[in-house]
Every structure is written in structure tokens, then in C-alpha cells.
2 protein chains.
Amino acid sequence: MKSAKISEAVVRRLPIYLQVLNELHIREIQTVSSQELGVKLDLNPAQIRKDLAYFGEFGRKGIGYDVLYLIEKIRQILKLNQTIKVALVGAGNLGRALCNYNKYSKDNMQITAVFDVHPEKIGTDINNLVVQPMSELEKVVAEQKIRIGIITVPAHEAQNVANQFITVGVEGILNFAPAILRVPDEVRIHNADFTRELLSLAYYLNHEGDVSDDSAVD
Amino acid sequence: MKSAKISEAVVRRLPIYLQVLNELHIREIQTVSSQELGVKLDLNPAQIRKDLAYFGEFGRKGIGYDVLYLIEKIRQILKLNQTIKVALVGAGNLGRALCNYNKYSKDNMQITAVFDVHPEKIGTDINNLVVQPMSELEKVVAEQKIRIGIITVPAHEAQNVANQFITVGVEGILNFAPAILRVPDEVRIHNADFTRELLSLAYYLNHEGDVSDDSAVD
DNA sequence: TAGATTGTTAATCGATTAACAATC
DNA sequence: TAGATTGTTAATCGATTAACAATC
């Protein structure tokens, strides 16, 4: 199956579908149409149907999609029907926030190890995980079969941490640092740098703001 | 000028350009070509030139782009040549992390007020800001001319907070909660929900993982 | 049966890339 | 002048949307 290359745009919509479907499930709604999903998500129903059809025939003509069944299918597509272990480097505020987040998530993604480069952080406790030194990274990743690395260190340390993740054989990296990281093709990197979202948001503000235009250049 | 509607894809690349340019500036590099930027960012040079050309003629034929000048121009485009004030609701770990982040940023975006719905958080201190009750939101937003709202509350409270932001006239919202929020057309909403990035990252992992395939449905 | 809705093909739309004249 | 690189037009590519037969 899964023959044709699926576009990134499609893959990025799957977690969104999953989110709405989970909400529907909680509200005990059993069936949903692409039409209804489209309204909720501001997406074209044809697009939703097409996205899902890349992976199989999940719906029933004249009826729609069974919510629980579709949840299960999307989870399978995203490989969430197994527990995926995650290591986090950078035990600062953000790292702590993510670890906490973790325990509420039932998505079978689990942060199971936390590391930091700074000696004073080593040994401290975060959400029942003890912060370990980077020297332990290789051993722990191998032992726990960790497949994803999260980077929550300052920008200037990010590439260095990424390199270490790559060396120890992590398959995917989620980077929170506001830096452009170089990784080999076989490692997938996603950026969760919120400053990008914040800056692009600024573009869409109305123009009224008191622009004091202090541009030195011309 | 700025006549044609600029596509979202273009706007989302601007902060990335800004990031590389800032790095180049720190390294005291004065001029850069679209070719060089392309290599750094894994983007087609023609695309970079085209993106920038939507906003003006910033480069010099045969030479390239002056780094400092281009930084200034992109900052103008993103409206960062003014201080944009931001309010944050949700004084949890993530909220605290963002406030801290804040002080290092020189992007003229500033979190100037923090709120929380829970009484026990009110009055506590976050990075020199006192957490205020939601009842103060309207007054503070008006007084400080706050234009962007950040949501760092749990998913089930997010829509409620968004509604309050909308009521008090915020122009843009950055949502960190893993929830789909409904906002009117005139309010811009960007999502910084990292679970989406994490789940789509899982899709790209290699297949090897021990899939115990415990799917109950068929 | 009539109404609803899927899966899918074809049409449209938009974004990326190639190519090149202009020019530093 | 020769080499480099922009800004921009035209060509290509890919993603979204419309339309509809199949079918519940």
C-alpha cells in the first residue's frame, strides 16, 4: 500500500484532523462527514476526503466517517500505535514546560529522558525525571530505544546538541531554538520556534500602529 | 506600493530570512547573495529573490544584498520598527518560559502583561511582571495599547480566553493550546501548538519500530 | 426509492523554478 | 571589459477545488 509519496502539506493536516476527531469523540459523536470537518477546520471538504483517501478508504458513502475508526486509522498512519520515546536536551523553563505537558498526552509519545549541558542542572528533578549529563546521551538513547530528540537550549548551543543527537542515531528532531540547524537528509527536523510564528503574526496586524519609522538606512 | 496580496508562504519565510541575516550580521558579514542564502536555508535562490522583490528592490545587481539594509527592510515589512506589545494569558510553565524568552529578544515584541484565570496564580511574579486577574484584561490592553495576545492555558480553556482577547480588541492571537479556535476574520490567529509538529514528525520516522499493532478496529 | 456523502478524476489555481536581460 | 547577481517574465510543477459516478 502507501505507494505514492505523500506531500508534506497532507501530513501536517493529519494531526489537526486527529485533534478535532478527539474532541468529537469526547462529545460522544460517532459519525462525521467531510463537510462537517470542513466547517470546523475551515478547509475544503474535498481536500479532507482526498487527504484521507491517500491512506485508504476510511469512510462510508452516504454516511461519512466513523469517528473512533478514523482516529485509530490516523494514529496508525502517524505511527502512534506504538510508544515513541523522546529525549529532551535543555532543562530550562521551556524544557520543564514540555515535560509537564507530556504526562497529559495520551498520544503514545513520551519524554523518557532529560539532559542538560550545564553541571548545575544535572541531578535536578523534572516531572519525575532526573536531569542527566550529555555524556550519558548515547547510552540512554540506545538503552531506551529513543527515536526523537527535542532541543530546548539557547540558539547558540542548538546546532551542537543537534549534532550529538544525530551521532547517537536519533531519527527525528524537534527544535525549539530560534536557529537554523543543519542535519543530514536521513534525519527529519521540525521547527517549533515560536518566534517565527510571532514575527509573521506581526505582519498581519493592521497598519494603524504609531510607526515612528526610525530606519537609519535608506 | 505593496499592492498585490502577498501569499502566506512568503510571509512565513520572512522571519527565517531575518534569522539568517541576523546571524550573518553578528559574524560581521556585510553582503550576501540569494545563492548563499539559498544554500544556508535549503531554498531556491530564485524564490528568495522573488519573495524579497514583492516588497521592493533591496539588492544590487552583480553584488547581492547588504545584510544590514535587508535586515532593516524585513523588519519594516514585519512591522517590527515599532514596539508591539503583547499580553499573555496562562501563567504556567509554558507562560513563564515565554516571558523569559522575551527579555533576550530584541525584535521589538514585548510581553508587557500576564494574566491567569486561577486565583492562586494572581499576584505571583513572572520575570518582573505581576500576574493579574482576567478582570483587568480590558483595562490593561487599552492602557498599554496591547495588540497581540498569547494563549498558554490548557486546551479546554483556550477558546474562552480567545473570546476575551477578541472582545478587548486584540488584533492577533498566538495560540499554544492544542485546540482549534474559532476567531472572526478580522483577528489573525497563528498556532504554535507543538504537539502538531511532534505528531507529524512521527510520520517521518523509519518504519522499523516494533509495531505491536494493537488496533482494536479493523 | 430519495438523499447524502464518499472516493476519484479532471479542471483550476497558485506557488516554485528556470531563464535571461539589465546592470553593478 | 568579464563575471556576478539581481529583478522579472515565462514555464513548470504541485496542490486545491469542482464535479460526479458509485453506493450507503
Side-chain angles (χ1 to χ4, degrees), chain A residues 1-14 16-17 20-21 24 29-74 77 200 203 217-218, chain B residues 1-14 16-17 20-21 24 29-74 77 200 203 217-218:
Chain A
M1 35 169 167
K2 202 186 285 184
S3 45
K5 187 84 178 338
I6 308 296
S7 95
E8 210 172 301
V10 173
V11 175
R12 288 188 172 280
R13 280 191 293 268
L14 295 178
I16 305 179
Y17 297 154
V20 189
L21 290 166
L24 290 173
I29 289 159
Q30 265 141 45
T31 301
V32 70
S33 68
S34 60
Q35 171 67 235
E36 293 167 308
L37 288 174
V39 169
K40 276 194 186 298
L41 294 170
D42 236 330
L43 293 177
N44 185 302
Q47 182 171 64
I48 296 174
R49 292 201 299 280
K50 202 162 197 279
D51 283 355
L52 297 173
Y54 282 116
F55 303 98
E57 303 196 1
F58 303 147
R60 286 212 292 162
K61 289 174 180 157
I63 309 286
Y65 298 91
D66 183 279
V67 172
L68 206 48
Y69 179 70
L70 192 52
I71 287 175
E72 189 57 32
K73 282 303 175 186
I74 295 180
I77 296 162
S200 60
Y203 174 83
V217 270
D218 175 20
Chain B
M1 34 165 169
K2 199 185 291 188
S3 44
K5 186 85 179 335
I6 308 296
S7 95
E8 209 171 302
V10 174
V11 175
R12 288 188 172 279
R13 279 191 294 268
L14 296 178
I16 304 179
Y17 298 153
V20 189
L21 290 165
L24 291 172
I29 290 158
Q30 265 141 47
T31 301
V32 70
S33 68
S34 60
Q35 171 67 233
E36 294 167 309
L37 287 174
V39 170
K40 275 193 187 298
L41 294 170
D42 237 329
L43 291 178
N44 185 302
Q47 181 171 65
I48 297 173
R49 293 201 298 280
K50 202 161 198 279
D51 282 355
L52 297 173
Y54 282 117
F55 303 98
E57 303 197 359
F58 303 145
R60 287 211 294 162
K61 289 174 179 157
I63 308 285
Y65 300 90
D66 183 279
V67 172
L68 206 48
Y69 179 71
L70 192 52
I71 287 175
E72 188 58 33
K73 282 302 175 186
I74 295 179
I77 296 162
S200 61
Y203 174 84
V217 270
D218 172 24

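Naming: A, B, ... by sequence-line order, numbering from 1 per chain. Quick caveat: nothing in here was measured; it's all calculated off a predicted structure.
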Dot-bracket encoding per residue of DNA chain C, Watson-Crick/G-U cut-off under 3.5 Å, | denoting interstrand: ..||||||||||||||||||||||
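- For the atom pair CZ (Arg13(B)) and CG (Leu43(B)), the distance works out to 6.5 Å, reported to the nearest 0.5 Å.
- Heavy-atom contacts of chain A under 4.0 Å fall on DNA chain C between two terminal nucleotides, which in 5' to 3' order are dA4(C) to dT9(C).
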Derivation and outcome, side-chain contact (heavy atoms from CB on, under 4.5 Å), residues Val10(B) and Tyr203(A): CA-CA 11 Å; Val10(B) 174; Tyr203(A) 174 83; over 6 Å; no
Criterion side-chain contact (heavy atoms from CB on, under 4.5 Å) on Ile77(A) and Phe58(A), from CA distance to verdict: CA-CA 12 Å; Ile77(A) 296 162; Phe58(A) 303 147; 4.0 Å; yes
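- The OG atom of Ser34(A) sits 14.0 Å away from the NZ atom of Lys50(A) when rounded to the nearest 0.5 Å.
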Chi angles and distances behind the side-chain contact (heavy atoms from CB on, under 4.5 Å) call for Tyr17(B), Leu37(B): CA-CA 8 Å; Tyr17(B) 298 153; Leu37(B) 287 174; 5.6 Å; no
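- Each of Gln47(A) and Arg60(B) has a nearest nucleotide on DNA chain D; the 5'-most of these lies closest to Arg60(B).
- Separation of atoms CG (Leu21(A)) and CG (Leu68(A)) is listed at 10.0 Å; rounding is to 0.5 Å.
- Here CG of Leu52(A) is found 7.5 Å from CD1 of Ile48(A). Values are rounded to the nearest 0.5 Å.
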CA sep, side-chain torsions, deciding dist, call: Val20(A), Val32(A), side-chain contact (heavy atoms from CB on, under 4.5 Å): CA-CA 10 Å; Val20(A) 189; Val32(A) 70; over 6 Å; no
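- Taking for each of Arg49(A) and Ile63(A) the nucleotide of DNA chain D with the nearest heavy atom, the 5'-most of the two is the partner of Arg49(A).
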